[in-house]
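Input: a single structure, listed below in structure tokens.
All of these numbers come straight from a predicted model, not from anything done at the bench.
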Amino acid sequence: MFSTFTDYRILTSNFSASVTKKASEPATKKDIQYFQDNIGKVKTIDDFLGNQRLYTFAMKAYGLDDMIPNKGFIRKVLLGEADANGRILVNRLQDSRYQDFAAAFNFREYGDDPAKPMKLDDETRALIDQFGGLKTVQQKRGEYDIETENTVDYVYKLAEYTKTPEDIAADSKLSAFVRTAVGLPPASADDDAWTQARQIESKFDATTFQDPGLMVDVIDHYRAARQAGRKAIIDPYYRPVGTYAASGAEIGKLKDYVRVKLTAAHSAQDIVNDPIVTNVLANVLGLPADMTSRKTEDQAKLIGQKLDVASLQDPKKLNGLLDKFTALRDDARTATVNSYIQQSMEDDAGAENEGTRLALYFRRKVGTVKSAYGLLADPALAEVVRTAIGLPAEAAKSSIETQARLVERKIDLSSLKDPAKLDQFIKRFTLLWDSKQNASPAPAFALLTNSVSALDSDVLLSLQNIRGGF
């Protein structure tokens with residue numbers, strides 16, 4: 001039998017080939033195909049938890065095999081419901097596997113159940129009533145349509161007096177009417193009347209106002225644009241609570257919604273008025289995760305630095321942005337599949353040598369851990385750490401704070417981002433792991449075990465190979 005480090009090296013020396021080999025195995029291919037064919041069909045968390053094959057695949061991909069029977073706990077993790085004190089379970093767990101899992105299978109993102117009544121305190125309710133109360137979507141649509149027809153009446157009354165682009169630009173209602181009808185963005189406060197007149201002139205012949213037949217066509221265009229605008233400005237996006245945000249149907253619905261909203265947007269400020277669109281763009285543009293919790297002017301500034309909003313009036317550019325959104329969702333599914341393959345490969349290695357499995361898992365996961373508590377919260381990572389720094393098994397019984405202090409003194413977590421230092425750390429673990437598994441270790445190696453910090457891990461590896469006869 002090879003040493004743990006030799007097994008580890010065989011698998012990682014050409015890691016992509018090892019992964020490809022595992023992925024090509026018939027059983028693995030079937031599991032992956034089933035996941036890819038069915039995850040987009042999930043609509044509710046009950047669909048997800050009720051499909052044992054799909055659920056097991058997902059849990060295994062995130063190293064949560066041992067928690068598969070505990071569906072009640074996993075439901076709470078995925079839904080992210082707050083307890084009586086406002087604390088969300090997944091945010092309180094140190095083990096990063098749960099955060100990764102909840103992020104990949106997010107059943108809370110993108111809206112709330114519209115059937116739920118708003119919960120407002122008396123003071124807020126009185127304030128809203130003072131300024132006209134809460135309006136339903138239907139009421140807002142009605143008011144919007146009345147405004148459209150009032151504008152049409154206004155245009156008809158002034159048509160005979162409107163003969164030049166300057167006449168149009170001088171009247172804000174006429175200007176807004178023409179701009180909407182011909183697809184010009186709203187007039188900018190930075191442009192003077194002459195500039196606005198030239199903008200209108202480039203798209204519209206002012207003498208049209210003198211021809212009733214032509215005006216019918218213009219008004220039809222205006223009404224059609226307003227109808228599209230009504231959807232863009234008024235209609236909200238929602239999904240019922242429990243509907244899986246990454247289902248195929250929901251992603252399609254979300255893309256259609258964002259397309260309509262962005263078509264009507266002329267500035268970054270228009271975008272941040274809609275948190276759903278803002279959230280989508282934050283993902284596509286790689287903006288900070290906490291962006292939607294910032295002030296709207298700060299959100300608009302961040303978007304404006306990354307995106308020329310006016311360019312989205314070009315269908316090709318808008319399609320490109322939405323395609324990138326879809327690709328990011330596809331990448332998230334691919335990440336789960338890749339994780340499943342690696343997890344399966346690690347399990348295979350563990351059937352022969354548990355130390356090799358632990359080394360491979362540590363290599364894959366340690367980069368996501370931010371603290372000593374995160375290391376200790378994951379049983380596999382904790383086993384590697386305790387072995388590598390020489391903590392006895394009894395140390396696991398001490399308080400988590402005591403263990404964390406010991407780990408912090410022994411390990412500079414940031415140094416493990418360096419591949420060479422990570423490799424050295426894993427070497428140390430594998431040597432000590434092998435020595436611990438021997439019932440009767442060689443005297444020389446027992447001595448090394450007691451003074452591991454005094455010797456270079458390459459020396460230990462050489463001694464291990466000599467002891468193993470390599």
Side-chain angles (χ1 to χ4, degrees), residues 31 34-36 38-113 116 239-247 250-251 279 283 289-290 292-293 328-329 331-344 346-347 361-362 364-383 400 404:
D31 287 342
Y34 185 84
F35 173 80
Q36 291 174 331
N38 290 279
I39 189 63
K41 299 175 184 176
V42 169
K43 293 183 179 179
T44 70
I45 192 167
D46 290 326
D47 290 344
F48 183 65
L49 297 177
N51 186 325
Q52 192 65 25
R53 187 174 178 184
L54 201 63
Y55 169 67
T56 299
F57 183 100
M59 291 287 280
K60 183 173 181 178
Y62 289 88
L64 295 169
D65 311 49
D66 56 331
M67 292 297 292
I68 287 173
N70 300 312
K71 290 186 177 180
F73 178 80
I74 296 300
R75 179 186 290 272
K76 291 179 181 178
V77 166
L78 290 173
L79 288 179
E81 294 175 350
D83 63 16
N85 298 313
R87 298 172 301 181
I88 295 174
L89 174 63
V90 70
N91 294 341
R92 296 167 58 201
L93 299 171
Q94 287 288 342
D95 191 337
S96 64
R97 292 177 300 169
Y98 293 101
Q99 280 90 28
D100 294 342
F101 185 69
F105 301 97
N106 190 340
F107 285 87
R108 298 190 71 228
E109 197 176 3
Y110 305 133
D112 295 312
D113 185 346
K116 279 187 175 182
R239 64 181 183 86
V241 166
T243 299
Y244 182 31
S247 69
E250 204 61 31
I251 289 175
N279 190 51
N283 290 328
D290 68 341
T292 52
S293 65
L328 286 172
R329 290 308 180 92
D331 287 346
R333 292 183 187 176
T334 300
T336 297
V337 170
N338 290 341
S339 181
Y340 178 84
I341 294 168
Q342 291 184 50
Q343 190 77 39
S344 298
E346 290 161 16
D347 290 347
Y361 182 79
F362 189 86
R364 176 164 64 93
K365 293 292 291 182
V366 71
T368 66
V369 178
K370 298 177 181 178
S371 69
Y373 289 97
L375 288 173
L376 295 168
D378 185 320
L381 296 181
E383 179 67 24
I400 193 69

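- Partners of Lys370 according to the side-chain hydrogen bond (donor to acceptor under 3.5 Å, both in side chains) rule, which considers only residues two or more places apart in sequence or in another chain, do not exist here.
- By the side chain to side chain contact (heavy atoms under 4.5 Å, CB included) test, Asn38 pairs with Tyr34, Lys41, Leu54, sequence neighbours left out.
- With respect to Lys71 and Asp46, no salt bridge is recorded, no charged nitrogen being found less than 4.0 Å from a carboxylate O.
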Audit row: Asn279, Asn283, side-chain contact (heavy atoms from CB on, under 4.5 Å) steps and yes/no: CA-CA 6 Å; Asn279 190 51; Asn283 290 328; 4.2 Å; yes
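- Counting heavy atoms from C-beta outward, Val369 and Leu381 have side chains that approach closer than 4.5 Å.
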Asn51 and Val42: CA distance, side-chain angles, deciding distance, side-chain contact (heavy atoms from CB on, under 4.5 Å) verdict: CA-CA 9 Å; Asn51 186 325; Val42 169; over 6 Å; no
Check against side-chain contact (heavy atoms from CB on, under 4.5 Å), Phe57 and Ile39: CA-CA 10 Å; Phe57 183 100; Ile39 189 63; over 6 Å; no
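- By the side-chain hydrogen bond (donor to acceptor under 3.5 Å, both in side chains) test, Gln343 pairs with Arg364, sequence neighbours left out.
- The ring pair (Phe, Tyr, Trp, His ring centres under 6.0 Å) check on Tyr55 picks up nothing, with sequence neighbours excluded.
- Taking the side chain to side chain contact (heavy atoms under 4.5 Å, CB included) definition, one finds that Thr334 meets it with Asn338, sequence neighbours left out.
- Between the side chain of Ser339 and the main chain of Ala335, no donor-acceptor pair closer than 3.5 Å is present.
- Applying the side-chain hydrogen bond (donor to acceptor under 3.5 Å, both in side chains) rule to Thr336 yields the partners Tyr62; only residues at least two apart in sequence or on another chain are considered.
- The closest side-chain heavy-atom distance from Val366 to Leu375 is below 4.5 Å.
- With sequence neighbours left out, the side-chain hydrogen bond (donor to acceptor under 3.5 Å, both in side chains) criterion links Lys60 to no other residue.
- Partners of Glu383 under the side chain to side chain contact (heavy atoms under 4.5 Å, CB included) rule, at least two apart in sequence or in another chain, are Leu358, Thr387, Trp433, Lys436.
- Between Ala372 and Ala404, the closest heavy-atom pair is CB-O, 3.8 Å.
- For Asp47, there are no salt bridge (charged side-chain N to carboxylate O under 4.0 Å, His left out) partners at least two apart in sequence or on another chain.
- Applying the salt bridge (charged side-chain N to carboxylate O under 4.0 Å, His left out) criterion to Arg53, with sequence neighbours excluded, gives Asp31.
- The shortest non-hydrogen separation linking Phe35 to Arg333 is CE2-O, 4.1 Å.
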Going by atom type alone, with no hydrogens or angles, which donor-acceptor pairs under 3.5 Å involve a side-chain atom of residues 98-105 and a protein atom two or more places apart or on another chain?
unit_1 : atom_1 : unit_2 : atom_2 : d
Gln99  : NE2    : Val90  : O      : 2.5
Gln99  : NE2    : Leu93  : O      : 2.7
Asp100 : OD2    : Lys365 : NZ     : 3.0

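- Distance check, rounded to the nearest 0.5 Å: OG1 of Thr368 to CZ of Arg97 gives 10.5 Å.
- The distance from atom CD1 of Ile74 to atom CG of Leu78, rounded to the nearest 0.5 Å, is 6.5 Å.
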